[in-house]
A.B. asks: 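Shown below is the structure under consideration.
Atoms considered below: every heavy atom in the structure, side chains included; atoms not considered: hydrogens, waters and symmetry mates. Within every chain, numbering begins at 1; the chains are lettered A, B, ... in the order of the sequence lines, protein sequences first and strands thereafter.
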Number of protein chains: 2
Amino acid sequence: MGTRETIVEAAMAIVRDQGVARLTLDEAARKAGISKGGVLYHFKSKDDLIRGMVQRLIDQCDQLNQEYYQREPEGPYRWARTLVRACFDPTGPANDPVGGALLAAVTVNPVLMEPVHAMYAKWMERLASDSPDMTRAGLICTAMDGLYFQRLMGLRLCEADACERLMNHALELLTPKEGEPS
Amino acid sequence: MGTRETIVEAAMAIVRDQGVARLTLDEAARKAGISKGGVLYHFKSKDDLIRGMVQRLIDQCDQLNQEYYQREPEGPYRWARTLVRACFDPTGPANDPVGGALLAAVTVNPVLMEPVHAMYAKWMERLASDSPDMTRAGLICTAMDGLYFQRLMGLRLCEADACERLMNHALELLTPKEGEPS
DNA sequence: CCTACTGTACCGTCCAGCCGGTATAGTAGG
DNA sequence: CCTACTATACCGGCTGGACGGTACAGTAGG
């Protein structure tokens, strides 16, 4: 694995385990097993490092969504269903406990959120492309954001089984019944 | 208004207008029109100040929920409907643009989240007390969290009208139809 | 030797928390 | 009424440490 990736990985781990405040160049270097100079060689500033973290998250999400999309049967709400399934992937970035605290790090510098905004816009576009009822799809996907939020905040509302019921219920709501007005 | 409240108010404003990173004792003092010493007289540390902010948020939420609960007709999902309505209150804490960035401030010190956890637990209890289908209620309320998350992150997915449609759709899903199971 | 990369030493800034001080009000004893 | 003492509220300078960023001196592989 490239040094760059190692550093990003280390930075993520720090945020996850110790909170955003603890993310410093020194600490990231230590955790990555190199020196601060090394970190600053690869990322020319702390903001730059955070940018790297954000990009990584986006890439992971994109990849995961792509995979689930392939696997999801065609039909209405295919993208919405994909998003739901990806959100519950136990290995995905959404389930890294407090992992996305990356986004919290971003709170410090809102400008760094722009790539995320772009990602969201893309998702919405996809969602709109195959959702018979965009309000319905939006509501369900917003619930997925809620799940993410709860994880970020350390709220443990979903025990494993309640979690699965939640997912199934969301999917049900995205499966138009026969004879139901779209 | 007591000095304590003034300080909390000032701190909130800073976080809302300038981001968490800008929240310092000096700045809070300046904005509140007193000196740093004064701030530290009322809150013995920065963490303590943040604790005060969290408490204020909780109190506001509680009050808002109480109000909406009174106004909400009896019947199944009364609490769930209350939470939905409160979430869309334009003057409520949930709609203070980026206001809840308070929670982001908290990201800095996860320990300070404990009161919020307690609040959540109470909400869940209430929710469970009058929801025929807890999975349904949980999903909808999680969507409300998602809304909050999107606001925190500066994602503007709800234009005013889409927002209203979302709320109505959520309420519909909490209004059991005649002849529907459960 | 040169390029890519890593390590170390250091600088300037910022900030939390401390502390000594001031002002005001209340209270008690004589 | 006056003095001594105490409590509350607030002020602002100081300091020690942390952190981002720079400069520069290696060093290993090609």
A.B. asks: Can you figure out which of dG7(C), dC5(C), dC11(D) approaches the side chain of Ile34(B) most closely?
C.D. replies: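 The answer is dC11(D), which lies nearest to the side chain.
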
A.B. asks: Can you tell me if His42(B) touches the phosphate of dC10(D), counting only side-chain N or O atoms and a distance under 4.0 Å to OP1 or OP2?
C.D. replies: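 His42(B) to dC10(D) OP1/OP2: side-chain N or O found under 4.0 Å.
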
A.B. asks: In whole Å, I'd like the distance from the CD1 atom of Ile7(A) to the P atom of dG7(C).
C.D. replies: 10 Å

A.B. asks: Mind running side chain to side chain contact (heavy atoms under 4.5 Å, CB included) on Leu173(B) and Leu173(A) for me, showing each step along the way?
C.D. replies: CA-CA 10 Å; Leu173(B) 287 173; Leu173(A) 288 173; 4.1 Å; yes

A.B. asks: Using a strict 4.0 Å threshold on nitrogen-to-oxygen distance, state whether Asp48(B) and Arg51(B) make a salt bridge.
C.D. replies: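 Salt bridge flag = yes for Arg51(B) with Asp48(B).
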
A.B. asks: Whole angstrom is fine here: how far is it from CD in Glu5(B) over to P in dA9(D)?
C.D. replies: 12 Å

A.B. asks: Do Arg151(B) and Tyr148(B) meet the cation-pi criteria used here (NZ or CZ under 6.0 Å from the six-membered ring centre, within 45° of the axis)?
C.D. replies: no

A.B. asks: Would you mind checking if Asp89(A) and Arg85(A) are paired as a salt bridge, meaning a charged N to carboxylate O distance below 4.0 Å?
C.D. replies: no

A.B. asks: Thinking salt bridges, do Glu125(B) and Lys122(B) make one under a 4.0 Å N-O criterion?
C.D. replies: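 Lys122(B) and Glu125(B): not salt-bridged.
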
A.B. asks: What is the distance, rounded to the nearest whole Å, between atom CZ of Arg30(B) and atom P of dC15(C)?
C.D. replies: 12 Å

A.B. asks: Tell me yes or no: between the side chains of Asp59(B) and Gln63(B), is some donor less than 3.5 Å from an acceptor?
C.D. replies: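 Looking only at side-chain atoms, Gln63(B) and Asp59(B) do not form any donor-acceptor pair under 3.5 Å.
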
A.B. asks: Please check the phosphate of dT6(C) (OP1 and OP2 only) for any side-chain N or O of Thr3(A) closer than 4.0 Å.
C.D. replies: yes

A.B. asks: Quick one: list whatever passes ring-ring contact (aromatic ring centres under 6.0 Å, His included) with Tyr69(B), sequence neighbours left out.
C.D. replies: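 Once residues adjacent in sequence are excluded, the partners of Tyr69(B) under the ring-ring contact (aromatic ring centres under 6.0 Å, His included) criterion are Trp79(B).
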
A.B. asks: Near Glu164(B) CD, under 6.0 Å, is it more than 12 heavy atoms from other residues, nucleotides or ligands?
C.D. replies: no

A.B. asks: Which parts of nucleotides 13-27 of chain D does protein reach within less than 4.0 Å, heavy atoms only, written one letter per nucleotide 5' to 3' as B for base, S for sugar-phosphate only and - for none?
C.D. replies: ------SBBB-----

A.B. asks: Please list, pair by pair, any protein nitrogen or oxygen found under 3.5 Å from a nitrogen or oxygen in nucleotides 1-4 of chain C.
C.D. replies:
none

